[in-house]
**Q** 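One structure, pasted below without further comment.
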Number of protein chains: 2
Amino acid sequence: MNFKASIQIMPLEALLDPQGKAVTGSMKNLGLSEISNVRIGKNIHLQVEAKDQKEAESKVESACKKLLCNEIMESYSFTVTPVA
Amino acid sequence: MNFKASIQIMPLEALLDPQGKAVTGSMKNLGLSEISNVRIGKNIHLQVEAKDQKEAESKVESACKKLLCNEIMESYSFTVTPVA
């Protein structure tokens, strides 16, 4: 079976996000001063082949831990859905 | 009123995503060869002050178009929710 995973990776709340801070500053210059607290993370889509939902989830979890997410600085969450 | 927005920005389907391609290759080396078609985009969280949901959405839309998303290469979608 084929599954689609959508993974959200964000910098931990406790850490500064310099990229987000720069973007927050730029919002003011664009006349969008009502926008604040910008934080920028990653959004990853992938396909995974597995025999059931549980196996697919464990593969995605393993990919996050081993490669996609640096758990010292980032947190992740994901959803896995079957592809028809 | 305060609103929270969550914005997903992904490279257009028609375009190559070299970063995603590199990650797909690395999956094989990690013993996760069942994972394919990795595509990497951005996930942005921000706060916006507006008098109602509609105004908040139009501000976020404007931020996407003006700064966050390069519409030639990327597509975006977002959700806006009120903060208690």
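Predicted model only: the values in this text are computed from it and were never measured. Below, read A as the first sequence line, B as the second, and so on, with proteins coming before strands; counting in each chain starts at 1.
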**Q** When heavy-atom pairs shorter than 4.5 Å are enumerated against chain A, which of B:T24, B:N37, B:I44 gives the highest number?
**A** B:N37
**Q** Need one label for B:L30: side chain, backbone, both or neither, based on atoms under 4.5 Å from any heavy atom in chain A.
**A** both
**Q** Please identify, among A:K59, A:K4, A:K66, the residue contributing the most non-hydrogen atom pairs under 4.5 Å to chain B.
**A** A:K59
**Q** Counting only heavy atoms closer than 4.5 Å, note whether B:I7 contacts chain A via side chain, backbone, both or neither.
**A** neither
**Q** Whether the side chain of B:S26 engages the backbone of B:A22 through a donor-acceptor N/O pair (distance < 3.5 Å, no angle test) should be reported.
**A** yes
**Q** Which bit of A:L32 comes within less than 4.5 Å of chain B, counting heavy atoms only: side chain, backbone, both or neither?
**A** side chain
**Q** Output the option from B:R39, B:Q8, B:M27 having the highest count of non-hydrogen pairs under 4.5 Å with chain A.
**A** B:R39
**Q** Just by distance, with hydrogens left out, do B:Y76 and B:K42 show a side-chain donor and acceptor under 3.5 Å apart?
**A** no
**Q** Can you tell which of A:I40, A:N43, A:L46 has the highest number of heavy-atom pairs within less than 4.5 Å of chain B?
**A** A:N43
**Q** Are there over 12 heavy-atom neighbours, none belonging to B:K21, within less than 6.0 Å of that residue's NZ?
**A** no
**Q** What part of B:S62 lies closer than 4.5 angstrom to a heavy atom of chain A: side chain, backbone, both or neither?
**A** both
**Q** Can you tell me if A:E74 uses its side chain to pair, donor with acceptor, with the backbone of A:N70 under 3.5 Å?
**A** yes
**Q** Do any N or O atoms from the side chain of A:Q53 and from the backbone of A:P82 form a donor-acceptor pair under 3.5 angstrom?
**A** no
**Q** Is A:N2 reaching over with its side chain to a backbone N or O of A:Q47, donor-acceptor style, under 3.5 angstrom?
**A** no
